[in-house]
Amino acid sequence: MRNTLRAIAIAAALTGPAVAADLLPASGPLPKVTMERLLIVDAARQGPRVVAVGDRGYIAYTDDNGANWKRAKAPAAPLLTAVDFLDAKTGLAVGHDAIILATADGGETWEKRFSAESEQMPLLDVKFVDRDHAFAVGAYGSYYESADGGRTWNPRKVIADDKHLNAIVALEGGRLVILGEAGTLLVSSDAAKSWSPVPSPYKGSLFGAVVAEDGAVVAFGMRGRIFRSTDKGQSWKAVENASVATLMGGTRLPDGAIVLAGAGGTVLVSRDGGLTFGPLATGSTKAFAKPLLGAPNALMLLGEAGARDVPLPTTKK
């Protein structure tokens with residue numbers, strides 16, 4: 001089984017229930033010690049608000065760069081693996097049991113829109129592409145689509161085998177890319193009406209991608225592998241990286257910098273659109289699942305031990 005937070009999510013879904021929940025209020029302020037113990041698998045920023053999802057169905061949000069966190073009002077749920085927002089109010093979260101939750105108030109309250117517990121196929125990513133259309137992908141080739149803003153969902157087969165689909169990324173012009181297990185790469189040029197496999201540069205798993213300012217796509221995955229595409233995902237070239245730590249999450253900052261994070265406290269920063277990356281010292285050996293813009297001149301790193309900030313040098317390399 002893959003050595004990543006999303007692999008942990010899949011393993012937990014297949015082998016047994018999540019760790020028993022702490023005795024905490026259903027919503028409201030979260031003690032700092034709880035955030036430090038919480039496994040966060042994904043997070044999203046919309047303006048000043050950060051919404052994080054993870055262990056035991058927790059959804060937490062902060063409006064002050066992590067100084068204070070609150071637990072959202074949400075239905076009981078298993079481990080949540082991904083979250084995405086269309087705008088400051090409208091968002092979706094997915095996780096084990098193919099659960100799909102929706103919010104219309106910026107992540108403060110959530111409603112369940114779909115689940116398929118009996119199928120035991122965790123969803124691993126979700127993407128809003130416009131007001132009406134959203135997509136969710138996950139284990140064993142699972143794929144769901146919504147044409148009504150996430151209110152209802154329909155399954156669909158987009159891959160011949162049952163490889164895990166780990167991430168879905170939206171490009172310009174209705175183009176989408178799915179990245180998955182064993183180098184799986186699928187591309188759609190017609191807003192997901194059809195999907196086609198493309199040759200992969202790597203036979204290991206890919207866990208996500210970030211779109212650079214110039215439109216290039218930077219994919220990342222197992223053993224620190226990074227690949228870059230300048231033709232909207234049709235072909236890929238390897239990017240040098242001395243680290244072999246698995247990379248689990250990425251983001252593009254407002255200044256154009258690309259940040260990737262992963263196992264062993266690894267954080268890599270690129271200031272040339274993903275052509276080159278350099279390491280950023282974090283002082284941690286914990287796994288990071290998602291880097292985001294934090295306080296001024298800082299990164300917020302979320303993962304195995306909740307959320308923390310590290311200074312981000314502003315000097316371009």
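Bear in mind the structure is a predicted one, so any value in this text is a computation, not a measurement.
Under the 30°/60° scheme for interplanar angles, the aromatic rings of Tyr140 and His164 are found to stand perpendicular. Note: Tyr144 and Phe114 have tilted aromatic rings, judged against thresholds of 30 and 60 degrees for the angle between ring planes.
Residue Arg223 qualifies as open at atom CZ: its count of foreign heavy atoms under 6.0 Å is 12 or below. By the 6.0 Å contact criterion, NZ on Lys127 is enclosed, its count of non-hydrogen atoms from other residues, nucleotides or ligands being greater than 12. The local environment of CD in Glu36 is crowded, with over 12 non-hydrogen atoms from other residues, nucleotides or ligands closer than 6.0 Å.
Remark: side-chain polar atoms of Arg225 are not paired, donor with acceptor, to backbone N or O of Pro201 under 3.5 angstrom. Remark: the backbone N or O of Thr62 is not paired with any side-chain donor or acceptor of Lys70 at under 3.5 angstrom. No side-chain donor-acceptor contact under 3.5 Å links Thr266 to the backbone of Ala261. A donor-acceptor pair under 3.5 Å is absent between the side-chain atoms of Ser115 and the main chain of Glu117, judged by distance alone.
Contact annotation: the side chain of Val210 approaches that of Phe220 to within less than 4.5 Å [non-hydrogen atoms, C-beta and beyond].
The pair Arg49-Glu108 counts as a salt bridge, with a side-chain nitrogen and a carboxylate oxygen less than 4.0 angstrom apart. Contact check on Asp214 versus Arg228 returns a salt bridge, with a Lys/Arg side-chain nitrogen under 4.0 Å from an Asp/Glu carboxylate oxygen.
Between Lys112 and Leu101, the closest heavy-atom pair is CA-CD2, 3.6 Å. Met300 and Arg45 get closest at one heavy-atom pair: CE-NH2, 4.5 Å. Closest approach of Phe85 and Gly91 over heavy atoms only: CD2-CA, 3.7 Å. Summarising the geometry of Ala182 relative to Ser205, their closest heavy-atom pair is N-OG, 3.5 Å, with the distance given to 0.1 Å. Between Ser188 and Ser194, the closest heavy-atom pair is OG-O, 2.9 Å.
For the atom pair Met248 CE and Leu260 CG, the distance stands at 12.5 Å (nearest 0.5 Å). Remark: Leu176 CG to Leu171 CG distance equals 7.0 Å, nearest 0.5 Å. Atom CG of Asp63 is separated from atom CG of Asn65 by 9.5 Å, given to the nearest 0.5 angstrom. Rounded to the nearest 0.5 angstrom, Asp97 CG and Gln120 CD are separated by 8.0 Å.
Residues Leu185 and Trp195 fall into different hydrophobic clusters, defined by Ile, Leu, Val, Met, Phe, Trp and Tyr side chains chained together at heavy-atom separations under 4.5 Å. Put simply, Ile40 and Val53 are part of two different groups of oily side chains (I, L, V, M, F, W, Y) that touch within less than 4.5 Å, one to the next.
Side-chain contact of Asn241 with Ser243: a donor-acceptor pair under 3.5 Å is absent, judged by distance alone. If you check the side chains of Thr152 and Asn154, you find no donor sitting under 3.5 Å from an acceptor.
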### Task
Give the intermediate values and the outcome of side-chain contact (heavy atoms from CB on, under 4.5 Å) for residues Thr184 and Ile159.
CA-CA 9 Å; Thr184 297; Ile159 188 172; 3.7 Å; yes
### Message
Please determine whether side-chain contact (heavy atoms from CB on, under 4.5 Å) holds for the pair Arg131 and Thr90, giving the CA-CA distance in whole Å, both sets of side-chain angles, and the decisive distance to 0.1 Å.
### Response
CA-CA 9 Å; Arg131 181 66 56 182; Thr90 311; 3.4 Å; yes
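Exactly one of Leu39, Leu80, Leu79, Thr34 qualifies for a side chain to side chain contact (heavy atoms under 4.5 Å, CB included) with Tyr58. That residue is Thr34.
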